[in-house]
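One structure is given here, and the rest of the page talks about it.
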Amino acid sequence: MKVLLSISLLGVLTLNTAQAGDDHFPAVESEDLNAALCNLERYNRNLQSIVNQDPLLTLDMVKVHELTYTLENALTQIQKDLVVIAEDLEKVHKASEALNPDVIKQFSNKYLVKTTELVQQSNCR
């Protein structure tokens with residue numbers, strides 16, 4: 001009975017997605033680093049609670065499929081931010097070699113703001 005219900009629900013979800021004109025589930029966007037970290041935290045918890053179930057039912061796997069879109073968005077945003085963070089740190093490095101205090105201060109502050117977001121407790125809404 002559970003298998004039939006799961007297959008039926010999968011069919012409904014697939015039909016709803018197809019009717020919407022999308023080939024995938026909608027995802028929560030990660031518009032900045034903080035949002036990406038919050039989405040990563042929240043959706044990782046969701047993923048963990050699903051994969052802890054035994055056995056994984058079809059509906060569980062559909063839920064995993066759906067939430068991976070949001071996780072992928074979060075990781076993409078984090079990657080973009082890490083590129084900028086690395087570039088800012090490189091500017092600090094080069095400015096320290098050139099003994100340029102203004103550039104050191106400017107880009108150190110940008111670097112520190114972003115890396116603090118990475119290492120501190122989440123400020124999720």
Side-chain angles (χ1 to χ4, degrees):
M1 182 67 178
K2 286 184 181 180
V3 173
L4 286 176
L5 181 60
S6 295
I7 291 171
S8 296
L9 186 55
L10 178 60
V12 169
L13 290 172
T14 303
L15 180 61
N16 286 342
T17 301
Q19 287 175 344
D22 296 329
D23 59 350
H24 58 80
F25 290 101
V28 175
E29 293 300 318
S30 294
E31 61 277 351
D32 59 24
L33 182 58
N34 186 63
L37 293 170
C38 289
N39 287 337
L40 190 67
E41 179 182 322
R42 186 174 301 118
Y43 283 82
N44 276 352
R45 276 195 314 263
N46 293 347
L47 178 60
Q48 185 67 63
S49 70
I50 293 169
V51 299
N52 284 344
Q53 298 178 52
D54 191 33
L56 281 178
L57 302 175
T58 302
L59 179 58
D60 299 324
M61 291 181 273
V62 170
K63 288 178 184 177
V64 167
H65 181 77
E66 182 175 6
L67 66 84
T68 59
Y69 288 105
T70 296
L71 288 169
E72 289 168 352
N73 284 348
L75 291 176
T76 297
Q77 182 62 47
I78 291 167
Q79 287 173 323
K80 289 177 187 176
D81 279 292
L82 286 174
V83 167
V84 173
I85 290 168
E87 290 169 352
D88 289 343
L89 183 60
E90 182 62 18
K91 289 175 184 169
V92 171
H93 177 81
K94 291 191 182 279
S96 69
E97 290 175 341
L99 304 175
N100 186 334
D102 294 334
V103 173
I104 291 171
K105 286 183 179 188
Q106 177 187 358
F107 287 98
S108 289
N109 288 332
K110 288 177 66 178
Y111 167 83
L112 290 168
V113 165
K114 289 296 185 181
T115 55
T116 299
E117 285 183 66
L118 285 171
V119 297
Q120 73 182 8
Q121 291 289 354
S122 307
N123 186 21
C124 302
R125 331 176 237 314

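Since we're looking at a predicted model, the values are computed, not measured. For reference, positions follow the sequence shown, starting with 1.
Residue L56 comes nearest to M61 through the heavy atom pair O-CE, 3.8 Å, listed as atom of the first residue, atom of the second, then distance. Smallest separation of non-hydrogen atoms from Y69 and F25: CE1-N, 3.7 Å. A35 and E31 get closest at one heavy-atom pair: CB-OE2, 3.4 Å. The heavy-atom pair separating H93 from S96 by the smallest distance is O-OG, 2.6 Å.
To the nearest 0.5 Å, atom CD of residue E117 and atom CG of residue L112 are 12.0 Å apart. Atom CG of L67 sits about 9.0 Å away from atom CG of N44, to the nearest 0.5 Å. The NZ atom of K63 lies 9.0 Å from the CG atom of L57; values are rounded to the nearest 0.5 Å. Rounded to the nearest 0.5 Å, atoms CZ (R42) and SG (C124) are 5.5 Å apart. Distance check, rounded to the nearest 0.5 Å: NZ of K114 to CG of L82 gives 10.5 Å. Atoms CD1 and OG, on I78 and S30 in that order, are 7.0 Å from each other to the nearest 0.5 Å.
Legend: residues meeting side chain to side chain contact (heavy atoms under 4.5 Å, CB included) with V103, ordered by chain and number and at least two apart, are A95, N100, F107. Partners of N52 according to the side chain to side chain donor-acceptor pair (under 3.5 Å) rule, which considers only residues two or more places apart in sequence or in another chain, are Q48. S108 meets the side chain to side chain contact (heavy atoms under 4.5 Å, CB included) test with V92, I104; sequence neighbours excluded.
When the options T68, D60, V62 are evaluated for a side chain to side chain contact (heavy atoms under 4.5 Å, CB included) with V64, the one that passes is T68.
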Expected list for residues 70-77: side-chain donor-acceptor pairs under 3.5 angstrom, two or more places apart:
from: T70; atom 1: OG1; to: V28; atom 2: N; distance (Å): 2.9
from: N73; atom 1: ND2; to: V28; atom 2: O; distance (Å): 3.3
from: N73; atom 1: ND2; to: E29; atom 2: OE2; distance (Å): 3.4
from: T76; atom 1: OG1; to: E72; atom 2: O; distance (Å): 2.9
from: Q77; atom 1: NE2; to: D81; atom 2: OD2; distance (Å): 2.8

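L37 is not connected to V113 by any chain of hydrophobic side-chain contacts under 4.5 Å among Ile, Leu, Val, Met, Phe, Trp and Tyr, and they are in different clusters. Note on I85 and V119: same hydrophobic cluster, where clusters join Ile, Leu, Val, Met, Phe, Trp and Tyr whose side-chain heavy atoms are under 4.5 Å apart, directly or indirectly. Clustering ILVMFWY residues whenever any of their side-chain heavy atoms sit less than 4.5 angstrom apart, transitively, puts L33 in a cluster other than the one holding V84.
Residue pairs meeting the salt bridge (Lys or Arg N to Asp or Glu O under 4.0 Å) criterion with at least one member in residues 88-101, sequence neighbours excluded: D88-K110, E90-K94.
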